[in-house]
Amino acid sequence: MEISNDSGTKKPKRLTSVVWNHFERVRKADICYAVCVHCNKRLSGSSNSGTTHLRNHLMRCLKRSNFDVSQLLAAKRRKKDNTISLANISFDEGQRKEEYIKPTIIKFEQEHKKDEIINFGSSKFDQERSQHDLARMIILHGYPLSLVEQVGFKVFVKNLQPLFEFLPNSAVEISCIEIYRREKEKVYDMINRLHGRINLSIEMWSSAENSSYLCLSAHYIDEEWTLQKKVLNFVTLDSSHTEDLLPEVIIKCLNEWDIDCKLFALTLDDSSIDDDITLRIKEQVYEKRPFLSTRQLLDIRSAAHLINSIAQDALDALHEVIQKIRESIRYIRSSQVVQGKFNEIAQHARINTQKFLFVDFPVQWKSTYLMLEAALEYRRAFSLFQQHDSSYSSTLNDEEWEWASSVTGYLKLLVEITNVLSGNKFPTANIYFPEICDVHIQLIDWCRSSNNFLSSMALKMKAKFDKYWNKCSLSLAVAAVLDPRFKMKLVEYYYSLIYGSTALERIKEVSDGIKELFNAYSICSTMIDQGSALPGSSLPSTSCSSRDRLKGFDRFLHETSQSQSMTSDLDKYLEEPIFPRNSDFNILNWWKVHMPRYPILSMMARDVLGTPMSTLAPELAFSTGGRVLDSSRSSLNPDTREALICTQDWLRNESGDLINPSPIHSAVPLLME
């Protein structure tokens, strides 16, 4: 910073004292003032006055502001020999580090709470800590490792902290791996301390290079009754990992985290996955947990994948009609003259709508639905437009318009249901049953259509739906029963609509299923009281070192004493009136409050409600493609890729970004259409 001289004949005098970093020199007429940038106090700024009075003021001013004044004291001791100038600091590789004053450093501590005041006073630079913070930043925000070699980043950091020593990609990668290992230990300890059980979702990923990946995530409700999700593994599958070897890969991951004996449910992408995969995983689990029956390790398929799949079936059946509508809209929007003529015809046809014609984005089936919905509003205008423009050749006949209208009606229901499921901030398992039942009822109705085109399309959709329903309907119903607003009444209502005269048999299957599951939890609870359960678990121990020859007696005692004992948690819960329905009801809070009243049933409810009934991320709710890893991640080696993806998920959990109102984390290069 330089002070201009009014005469213009003398060489400008450079302000050499470090004190001038905190004052602005202002000249009024022939008088110079030094104005403090912290408190705006005006002191003498004349060169004859020196800087002692400025330094004395600054010492008092900065102490009041909790700033570190050690730098000023050091400057005072060094006096003029070691004073340095901060004039016109800029990034220049030719400048020496000694030419810079150390700025105050803000340390990033993960443990800081959002409302905590960070101390700006420390002027000590810590290269190791800064390197650690840089690695955490890269992980948390999904930045590429090559960020540290980008010129813009180097200029920014060098001006911010000249003492920072830049590191190659490999060193930053090592720091990221170290953070991953530390965070993994924390997650491992936390999961194994859980009293409840773990639900596992298994998702398939791919990349533009046709590589395949397996993502395993743990879902559970913690001790505070908060729904949690943590990515455990992101495994790169090479050509040797054929589908019959997938169970071994999954089991290896379960053993790595030591959660195979705590497993409650497996959720896979869709119903087309070979049942042998889940069967072999179950067999592995039963070796360690023979106490439970085969029905008590739930096998779930993703509801969102089902809805996407049957929506795609409807669009495929209407493919030729959709293509004609696309071409019609493109032609009308090809010029202002054509569009003006079409608008005139629409006005004469008295079409009064706020919808605009647009061409869809095919990989998002909701956009195709919206395109069809808008085109149907202009149906009469399209028909009349053909008479006024001989070049228009993509017109639809009446039958095709009827097909488009019917399919749009089908899609409307699927869009509404997908919005409900993907828009829920806390997607507990109980919300899925009524939505899936609505799809079931509509499919039955569509299959009865007298139109061969529509009925054949609906039959194909229902065949896919039935495969899902046969596998998942019991799990969906049990979760709904554990919703105090519904209990068995919702099952009775929907099953009477779906099954008609055979509804009672189906309702009994649900009743028997939930009782069987509750009895297993009751036995586990008894064994916990007797000290024979796994530490931190609601499950009975199966360790050979503590073999109990009377485990069968525990089951016998429980079954024979039921009729003699007081009413069970389940019976008491089902007999009591249902809770009134309201929009702000929180089922997890309800069970947290009612734990003392239903001690055993609440244990079961925590595991059931934490089951992921869908594995599709909200941002992919309407996507017709799968999950694709972007090039910045797919180019990494497998260990580094897994470390970055898993640790990013864990750090976001800690920082409170797990549940974000924004559906897409734009800085995270994981999802790519």
Side-chain angles (χ1 to χ4, degrees), residues 1-2 14 18 20-22 37 67-68 70-71 74 82-110 112 118-183 629-637 639-648 650-652 655 657 665-670 672:
M1 180 172 65
E2 297 181 352
R14 186 176 298 275
V18 70
W20 287 106
N21 255 340
H22 303 269
V37 299
F67 274 74
D68 190 347
S70 59
Q71 187 175 320
N82 293 327
T83 55
I84 59 180
S85 174
L86 295 179
N88 302 321
I89 290 181
S90 62
F91 176 62
D92 184 354
E93 289 291 346
Q95 287 183 304
R96 295 172 301 155
K97 294 177 183 177
E98 288 76 13
E99 292 181 311
Y100 293 85
I101 284 293
K102 296 179 182 178
T104 55
I105 304 302
I106 305 171
K107 288 188 178 182
F108 173 76
E109 294 286 353
Q110 184 63 30
H112 279 314
I118 300 176
N119 183 14
F120 287 79
S122 174
S123 61
K124 182 181 179 181
F125 172 66
D126 187 336
Q127 170 71 24
E128 183 178 349
R129 180 68 201 188
S130 297
Q131 181 179 335
H132 173 80
D133 291 342
L134 173 60
R136 288 182 73 98
M137 180 190 75
I138 287 174
I139 294 171
L140 183 62
H141 299 291
Y143 298 138
L145 293 176
S146 59
L147 173 73
V148 297
E149 296 183 348
Q150 295 175 3
V151 175
F153 177 76
K154 289 185 175 182
V155 171
F156 171 74
V157 172
K158 203 67 176 177
N159 280 325
L160 193 65
Q161 176 49 269
L163 300 182
F164 182 78
E165 296 179 7
F166 290 99
L167 303 164
N169 283 7
S170 56
V172 177
E173 184 176 346
I174 291 172
S175 296
C176 291
I177 296 294
E178 290 173 352
I179 293 172
Y180 164 70
R181 288 171 179 163
R182 285 196 295 270
E183 294 298 323
L629 200 65
D630 79 342
S631 57
S632 68
R633 289 288 188 260
S634 61
S635 60
L636 300 170
N637 72 66
D639 291 338
T640 303
R641 178 166 45 244
E642 181 176 44
L644 292 178
I645 292 174
C646 292
T647 313
Q648 181 187 54
W650 303 336
L651 295 183
R652 281 186 169 172
S655 63
D657 289 340
H665 299 285
S666 57
V668 185
L670 290 183
M672 180 178 69

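These numbers were taken from a predicted model, which means no experiment stands behind them. Note: hydrogens, waters and symmetry copies are ignored here, and every other heavy atom, side chains too, is used. Numbers here are sequence positions counted from 1.
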Engineer: Could you check whether any side-chain N or O of R641 sits under 3.5 Å from a backbone N or O of S634, counting only pairs where one atom can act as donor and the other as acceptor?
Structural biologist: yes

Engineer: Has the side chain of Q150 got a donor or acceptor atom that lies under 3.5 Å from a matching backbone atom of G152?
Structural biologist: no

Engineer: Out of curiosity, L644 CG to R633 CZ, how far, rounded to the nearest 0.5 Å?
Structural biologist: 5.0 Å

Engineer: Begin from the C-alpha positions of L134 and F164 and carry the test side chain to side chain contact (heavy atoms under 4.5 Å, CB included) through to its verdict.
Structural biologist: CA-CA 11 Å; L134 173 60; F164 182 78; 4.1 Å; yes

Engineer: Please determine, by modelled atom types, if S130 and D133 share a side-chain donor-acceptor pair under 3.5 angstrom.
Structural biologist: no

Engineer: Looking at S632 and S635, what are the two nearest heavy atoms and their distance?
Structural biologist: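 Answer, listing the atom of S632 first, then S635: O-OG, 3.4 Å.
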
Engineer: So, Q131 versus D126: side-chain donor-acceptor pair below 3.5 Å or not?
Structural biologist: no

Engineer: Hey, what's the ring geometry for F153 with F166, parallel, tilted or perpendicular (30° and 60° as the breaks)?
Structural biologist: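 The rings of F153 and F166 stand perpendicular, inter-plane angle above 60°.
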
Engineer: Determine the sole option in R136, R182, E183 for which the side chain to side chain contact (heavy atoms under 4.5 Å, CB included) test with T647 is passed.
Structural biologist: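 Testing T647 for a side chain to side chain contact (heavy atoms under 4.5 Å, CB included) against R136, R182, E183 leaves exactly one candidate, E183.
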
Engineer: Does the side chain of V148 come within less than 4.5 Å of L167's, by heavy atoms?
Structural biologist: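 Side chain of L167 against side chain of V148, heavy atoms only: no contact under 4.5 Å found.
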
Engineer: Heavy atoms, side chains only, cut-off 4.5 Å: are M137 and Y143 in contact?
Structural biologist: yes

Engineer: Is T640 close to C176 at the side-chain level, that is, under 4.5 Å between some pair of heavy atoms?
Structural biologist: no

Engineer: Atom CG of N169 and atom CD1 of I174: how far apart are they, to the nearest 0.5 Å?
Structural biologist: 11.0 Å

Engineer: Before you tell me yes or no, could you show the steps for L145 and L636 under side chain to side chain contact (heavy atoms under 4.5 Å, CB included), namely the whole-Å CA-CA distance, both residues' side-chain angles and the distance that decides it to 0.1 Å?
Structural biologist: CA-CA 9 Å; L145 293 176; L636 300 170; 4.0 Å; yes

Engineer: Can you tell me how far the CD atom of E149 sits from the NZ atom of K154, to the nearest 0.5 Å?
Structural biologist: 6.5 Å

Engineer: Is the backbone of E642 close enough, under 3.5 Å, to the side chain of D639 for a donor and an acceptor to pair up by distance?
Structural biologist: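 Absent.
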
Engineer: Does a side-chain heavy-atom distance below 4.5 Å link L140 with Q648?
Structural biologist: no

Engineer: Report yes or no: does Q127 contribute a side-chain atom to a donor-acceptor pair with the main-chain N or O of E165 at less than 3.5 Å?
Structural biologist: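 Checked: pair present.
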
Engineer: What I'd like to find out is whether the side chain of W650 reaches to under 4.5 Å of the side chain of C646, using heavy atoms alone.
Structural biologist: yes

Engineer: Which heavy-atom pair separates I177 from A643 by the least distance, and what is that distance?
Structural biologist: CD1-CB, 3.6 Å

